[in-house]
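In each ligand, atom 1 is the first atom listed, and ligand 1 is the first ligand listed. This structure is a prediction, so every number in the text was calculated from the model and none was measured.
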Amino acid sequence: MDDRALQILKTTFGYSEFRGSQAAVIQQLIAGNDAVVLMPTGGGKSLCYQLPAIARHGTGIVISPLIALMHDQVSSLQQIGVSAAYLNSTLDAAQAADVENRLLAGQCDLLYVAPERVMAPGFLDLLEQIDIALFAIDEAHCVSQWGHDFRPEYIQLSILHERFPSIPRVALTATADGPTRNEIISRLNLSAAQQFVASFDRPNICYRIAQNQGNARDALLRFILNEHEQEAGIVYCLSRNKVEQTAEWLCSKGLTALPYHAGLSASVRQHNQQRFLMEEGVIIVATIAFGMGIDKPDVRFVAHLNMPKSLEAYYQETGRAGRDGLPADAWMMYGLQDVIKLKQMMDGSDADEKHKRTEQHKLQSMLGFCELTSCRRQALLRYFGEQLDQACGNCDTCLSPVETWDATVAAQKALSAVHRTGQRFGVNYLVDVLTGKDNQRIKSFGHDRLSVYGIGDELDGHQWRSVFRQLIAHGLLSVDIEGHGNLCLTETCRPVLRGEQTLMLRKDSKQARSARKGRKSFNTSKASDNQLWDALRACRKQLAEDNNVPPYVIFHDATLVEMVERQPQTQEQFSRITGVGASKLEKYADDFLAVINAHNEQQQSATTDTTAESLRLFKSGMDIESIASERDLKTSTIYSHLATCIEQGEIRLNDVVSINEQEISTIQDAILASNDSSAKLKPVYEALDGMYDYEVLRCVRAAMNV
Ligand code: ADP
Ligand code: ZN
């Protein structure tokens, strides 16, 4: 690797090493060649073009459709001392002219532009007048006419290569599938480019899914309070109404939850999005309209209160969690109602038949994924054509394996009920028939005289609904699209009906299992570390306000976590924390070091205070047990306080322990012999065959240090 690239990585970005294929991509671009980069969200795509743009002579031109993001990215770059600018419709004529002048003066390392700007008259002529380091085409899947983010201007971007054939280009996307990749390559004329395809696994995201048994809202609240209090998250709902209601309800429970959907005015949406970015601990409740163009790295959870329409959508939406690589949750509650509603929505659309069939198929895969009894990550990656050899250990089915039961007989009963009632009824009616409900509707159809009437009283309504849902998920039943959610038999149900195939189904759990205790980005049981974490966050918040940028632009959570762990004392130590480059070192080291110092001093004086209190009681004549119970501390803690006092010459060894000179020197010899620099007493304890307690050993050692 180019030494200079490593140098920039360290001093400008503050990172110690490249991730995944970053180094290879960067090398390729610095050498003047083209590249196509497929990397999941959070994989570190920006560095792939930012670094070579800095390393190479001239300005790196970044084409991005996400105007909302440009501002953020430019601020982030400015924070690390890189001169960057953007040109888009949010600038007025004077501001745009100013940017153009800076460009012409060769003062920009990076320029972000919207694709329509590239095609606007005069822009390419402007580019002719400056030195260009590279072209980066971000969100390159926007060239795909079949994708949902299609941008006609993207197709015209091949003009860049025609006008500037010698300038290296890189196309980047987080969209994984093969057809899209091929379209990018052919439309952008990148067949000679080297391709870099990363794994699409997001190992830090924990996937958790449960059935909604009418308790989804409460379960969501519990999940947030137990695992993500004060943290940022996104909650997805299917309808605008539900978005509004959920946001309101969460607020009534004391959380900060803001709605976001296409029915709100642009200014309300803008305002809510801005609060989500600038404040900490804000929850956005949204329809799928929210997300594109959100680059917030510290979203700690994405919750779905309804099932998304496909695994593609699920992967994309959950992918907005944990871009910073710290632990994050993808949590979902779903029900059969979601499936019916989605089917109706698809049916109501004016897409052609073929398209509708594809959509139904995708919905079916999504439902199957929800009902899995094996590792979700393996299944998700398999769907995208990637093989994960082992179960992941970080999804609900891995963390608490699903119980299954032999549902062959139950399935036969359920399928018969569908058959006997003429495939014209929905789940609730069928459950009523099976459980023998005494109701007028059943009687009016004469279904109380069927053989299936009342043959299912071994299961309750919830359990039957679960059976039906899983039969649909397994493709043994289908929901009739034309009708109103009536169930029909499919070809695949025959072997089960005839008893030729056993069917194992999952036992439903009532809640999305709590995966692990405390999945906060920062998690420790040490109270003093928690205090320091809070203090560092407060410092970051203040600096963010002063600079009018989101907190994560100052430092990411991962950087603060490292500060707590390493507690740097000097500028030099501070500079070695991941995410601290030269520019941020100069700007912020003093502030954060001051917080760490103040914290340490406070810790020390707290220790001094508690030691002094033990000493006072000891001197007043109390024995060690009494002091411990009086102060509600362990006796070993009191001993360690007194050991400190011995060391400081405040009391003598023999005031605390009653052992004779002979014993003292035996222990001293053992301590000297152990010669353990780590100051552990275990070897000494063992060398003395456990004759003396650790407390005694500690006091003897303290006396040696006087
Ligand atoms: P993407 O655009 O692929 O979604 P980003 O470029 O936003 O991903 O990077 C995701 C996160 O990873 C960011 O927080 C970024 O600062 C961090 N990051 C990227 N490269 C490195 C690296 N080499 N070392 C440490 N952190 C990195
Ligand atoms: Zn798993």
Side-chain angles (χ1 to χ4, degrees), residues 1 5-6 8-10 12-26 37-51 62 64 66 69 72-73 76-77 79-80 136 138-141 170 172-176 196 198-209 291-299 316 319-326 328 330 369 372-382 388-402 513 515-516 521 550-562 577-581 584:
M1 185 77 215
L6 251 166
I8 297 172
L9 182 75
K10 287 189 179 138
T12 304
F13 291 89
Y15 300 146
S16 50
E17 50 200 24
F18 289 106
R19 268 194 200 156
S21 47
Q22 280 177 337
V25 176
I26 288 167
V37 177
L38 278 74
M39 243 185 222
T41 304
K45 284 186 285 301
S46 354
L47 193 81
C48 291
Y49 57 81
Q50 288 172 347
L51 198 152
V62 186
S64 163
L66 308 172
L69 276 190
D72 228 36
Q73 271 165 352
S76 290
L77 284 165
Q79 284 291 326
I80 59 170
D138 206 3
E139 313 290 343
H141 58 278
V170 56
L172 311 100
T173 179
T175 302
F196 300 88
S199 162
F200 272 69
D201 187 16
R202 302 285 313 277
N204 60 317
I205 298 182
C206 179
Y207 298 103
R208 298 155 65 180
I209 299 178
M292 176 82 170
I294 295 300
D295 229 351
K296 191 173 161 63
D298 55 355
V299 176
Q316 193 177 47
R320 289 168 188 144
R323 292 178 85 111
D324 55 11
L326 295 175
F369 178 76
L372 271 181
T373 53
S374 54
C375 175
R376 297 205 197 269
R377 190 179 314 275
Q378 277 181 321
L380 189 60
L381 290 174
R382 199 179 317 119
L388 187 68
D389 288 332
Q390 273 174 4
C392 76
N394 191 27
C395 71
D396 54 359
T397 53
C398 279
L399 289 165
S400 49
V402 181
R513 291 151 230 257
R516 222 185 270 154
S521 57
Y552 57 79
V553 170
I554 303 290
F555 281 128
H556 280 184
D557 282 357
T559 302
L560 297 197
V561 169
E562 222 178 294
I577 304 270
T578 307
V580 179
K584 288 189 176 175

Heavy-atom donor-acceptor pair, [X] side chain to [Y] backbone, under 3.5 Å:
X    : Y    : result
R377 : L388 : no
R376 : C392 : no
E562 : T559 : no
T173 : L38  : no
D298 : D324 : no
D396 : I209 : yes

Any atom of ligand 1 sitting under 4.0 Å from a heavy atom of [X]?
X   : value
M39 : no
S16 : no
G43 : yes

Legend entry - SG (C392) - the Zn ion (ligand 2) - SG (C398) angle, nearest 10°: 120°
Legend entry - SG (C395) to the Zn ion (ligand 2) to SG (C375) angle, given to the nearest 10 degrees: 120°
Among all protein non-hydrogen atoms, which one is nearest to [atom], and what is the separation to 0.1 Å?
atom                    : answer
atom 5 (P) of ligand 1  : S46 OG, 3.5 Å
atom 10 (C) of ligand 1 : G42 O, 3.5 Å
atom 20 (N) of ligand 1 : Q22 NE2, 2.9 Å
atom 18 (N) of ligand 1 : R19 NH1, 3.6 Å
atom 8 (O) of ligand 1  : G44 N, 3.2 Å
atom 16 (O) of ligand 1 : Y15 OH, 2.3 Å

Inset, instruction - Taking the side chain as every heavy atom from C-beta outward, state whether L172 and M39 have any atom pair closer than 4.5 Å. - result: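 They are not in side-chain contact.
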Legend entry - Heavy-atom side-chain proximity of L6 to F18 below 4.5 angstrom: yes
Inset, instruction - Ignoring hydrogens and angles, state whether a donor on the side chain of D72 or Y552 is under 3.5 Å from an acceptor on the partner side chain. - result: yes
Legend entry - Side-chain ion pair, D138 and K45, N-O less than 4.0 Å: no
Legend entry - Distance, nearest 0.5 Å, that separates OG1 of T578 from NZ of K10: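 If I round to the nearest 0.5 Å, the distance is 11.5 Å.
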Legend entry - Side chain, backbone, both or neither: the part of P40 lying under 4.0 Å from ligand 1 by heavy atom: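 For P40, only backbone atoms sit under 4.0 Å from ligand 1.
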Legend entry - ligand 1 atoms in contact with E17 (distance to a heavy atom under 4.0 Å): 22 (C), 23 (N), 24 (N)
Heteroatom proximity flag, [X] to ligand 1, N/O under 3.5 Å:
X    : result
D295 : no
D324 : no
P297 : no

Inset, instruction - From the options R323, Q73, H556, select the one whose nearest heavy atom is closest to atom 11 (C) of ligand 1. - result: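 Heavy atom nearest to atom 11 (C) of ligand 1 belongs to R323.
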